[in-house]
Amino acid sequence: MTNLSIPRSGFGYFIFGAKIALSPSIRKFVLMPLLANVLLVGGALFYIFSNLNTWIDGWLEGLPSFLTWLTYVLWPLLALTILATFSYFFSTLANFIAAPFNGLLSEKVEELLTGKKVNDDGLMDVVKDTPRILAREWRKLVYTLPKAIGLFLLLLIPALGQTVAPFLWFIFTAWMLAIQYADYPFDNHKISFDDMRSSLKQKQGKSYGFGALVSIFTTIPILNLIVVPVAVCGATAMWVSEHKGQFTHLR
């Protein structure tokens with residue numbers, strides 16, 4: 001299970017993350033991220049499915065009459081966009097709350113995969129480091145928010161927005177989810193946010209592939225409740241195999 005020499009795609013790292021999350025030595029560290037995600041994302045999904053038809057029908061009413069034939073194509077695309085948007089937002093909120101526990105989970109996964117200690121911090125050290133970890137989460141939010149607002153405004157443009165925005169939103173979400181989860185192992189080694197983004201861009205195919213599969217799973221009821229710890233485990237495996245060697249002081 002800890003064989004890192006096997007070549008993996010971005011999809012492969014997510015699947016590998018599910019295997020890691022179920023391993024006996026890791027399961028206890030999965031509990032807190034899982035609980036935060038179940039409470040927030042589960043509540044959000046109930047609200048979404050209660051209002052989905054109303055929202056989509058309202059948006060499609062803005063289409064010109066000569067484009068009404070697009071309704072059958074745009075309805076599922078808009079549904080996916082709404083689900084991805086809300087799931088991403090509430091997953092981000094859950095990650096913000098559970099960030100210290102996600103960082104600890106990532107640390108334990110790396111130790112399992114490499115057989116080396118990441119650091120010698122105890123529980124109280126993790127608690128003391130919480131303000132810095134939350135500041136890092138805020139940095140990710142500042143990076144994400146302007147782009148998300150721009151895409152949301154594009155979605156409001158009749159015809160063009162409903163046609164183009166869902167595709168752009170999916171690509172954007174894939175990238176942001178790759179950043180969200182890869183940031184935990186990078187941050188455990190105090191690697192800056194900008195250096196982390198640069199490293200992910202060097203292997204964009206795997207980054208986007210990983211983020212795309214996470215995005216898809218965040219829209220699937222029930223499965224999206226367990227996606228956070230699986231994504232943390234998968235992103236940590238990707239860090240160890242694909243990125244850690246770029247930072248010479250960590251070799």
Side-chain angles (χ1 to χ4, degrees), residues 1-37 91 94-137 139-140 177-193 195-197 199-200 202-203 206-207 210-211 213-214 226-251:
M1 200 268 291
T2 58
N3 186 358
L4 296 176
S5 62
I6 300 174
R8 292 184 173 88
S9 64
F11 284 14
Y13 280 112
F14 181 80
I15 302 302
F16 189 42
K19 190 174 182 180
I20 296 171
L22 292 172
S23 62
S25 61
I26 296 298
R27 281 186 296 223
K28 61 183 177 181
F29 298 103
V30 166
L31 183 59
M32 284 306 296
L34 182 62
L35 181 60
N37 201 51
S91 292
N95 285 328
F96 194 93
I97 294 171
F101 301 102
N102 287 337
L104 180 61
L105 171 60
S106 176
E107 178 183 315
K108 297 305 177 183
V109 170
E110 184 173 343
E111 290 174 359
L112 173 67
L113 295 176
T114 64
K116 300 177 182 178
K117 291 284 289 182
V118 174
N119 60 61
D120 297 317
D121 292 348
L123 181 59
M124 286 307 300
D125 294 301
V126 174
V127 173
K128 291 177 182 177
D129 204 32
T130 296
R132 187 196 62 80
I133 294 172
L134 293 181
R136 180 85 168 208
E137 290 296 311
R139 175 70 179 85
K140 283 186 278 188
L177 286 171
I179 285 179
Q180 175 67 53
Y181 292 106
D183 191 52
Y184 294 115
F186 277 87
D187 188 43
N188 281 341
H189 292 280
K190 306 300 187 291
I191 294 170
S192 73
F193 183 79
D195 286 344
M196 181 267 297
R197 286 196 299 115
S199 185
L200 291 180
Q202 292 176 31
K203 300 198 175 183
K206 293 189 178 184
S207 299
F210 177 82
L213 195 55
V214 175
I226 62 172
V227 73
V228 170
V230 170
V232 172
C233 293
T236 303
M238 187 163 64
W239 147 260
V240 172
S241 296
E242 307 289 341
H243 301 286
K244 187 176 181 179
Q246 297 175 20
F247 300 91
T248 55
H249 64 289
L250 299 177
R251 291 177 184 173

### Message
Show the nearest heavy-atom pair for residues Asn188 and Gly103, with the distance to one decimal.
### Response
ND2-O, 3.0 Å
### Summary
Shortest non-hydrogen pair, Ala235 vs Phe210, comes out as N-CZ, 3.6 Å
### Query
Looking only at heavy atoms, what is the nearest atom pair of Ala18 and Val230, with distance?
N-CG1, 3.5 Å
### Query
So how far is it from Arg8 CZ to Glu242 CD, rounded to the nearest 0.5 Å?
9.5 Å
### Query
Checking side chain to side chain contact (heavy atoms under 4.5 Å, CB included) against Thr236, which of Glu107, Lys108, Glu110 comes through?
Glu110
### Query
Looking only at atom types and distance, does a side-chain atom of Ser199 sit under 3.5 Å from a main-chain N or O of Met196, one as donor and one as acceptor?
no
### Query
Can you name the closest pair of heavy atoms from Gly211 and Leu177 and give their distance?
O-CD1, 3.9 Å
### Query
For the residue pair Cys233 and Gly17, what are the closest heavy atoms and their distance?
CB-O, 3.4 Å
### Query
OG1/Thr114 to NZ/Lys244 distance, rounded to the nearest 0.5 angstrom?
5.0 Å
#### Entry: Atom of Ile20, atom of Ala237 and distance for their closest heavy-atom approach
CD1-CB, 4.1 Å
## Note on the structure
Rounding to 0.5 Å, atoms CG (Leu31) and CZ (Phe101) come to a distance of 9.5 Å
#### Entry: Derivation and outcome, side-chain contact (heavy atoms from CB on, under 4.5 Å), residues Ile15 and Leu213
CA-CA 9 Å; Ile15 302 302; Leu213 195 55; 4.3 Å; yes
### Query
Centres of the His189 and Phe247 rings: under 6.0 Å?
no
### Query
Atom CZ of Phe29 and atom CG of Leu112: how far apart are they, to the nearest 0.5 Å?
10.5 Å
### Message
Run the side-chain contact (heavy atoms from CB on, under 4.5 Å) test on Met238 and Lys203 for me, step by step, so that the C-alpha distance in whole Å, both residues' side-chain angles and the decisive distance to 0.1 Å come before the verdict.
### Response
CA-CA 11 Å; Met238 187 163 64; Lys203 300 198 175 183; over 6 Å; no
### Evaluation steps, side-chain contact (heavy atoms from CB on, under 4.5 Å), between Phe193 and Asp187
CA-CA 8 Å; Phe193 183 79; Asp187 188 43; over 6 Å; no
### Message
For a 4.5 angstrom cut-off between non-hydrogen side-chain atoms, does Pro185 reach Val240?
### Response
no
### Summary
To the nearest 0.5 Å, atom NZ of Lys190 lies from atom CZ of Arg136 at 9.5 Å
### Task
Mind checking the CH2-OG spacing from Trp239 to Ser106? Nearest 0.5 Å is all I need.
9.0 Å
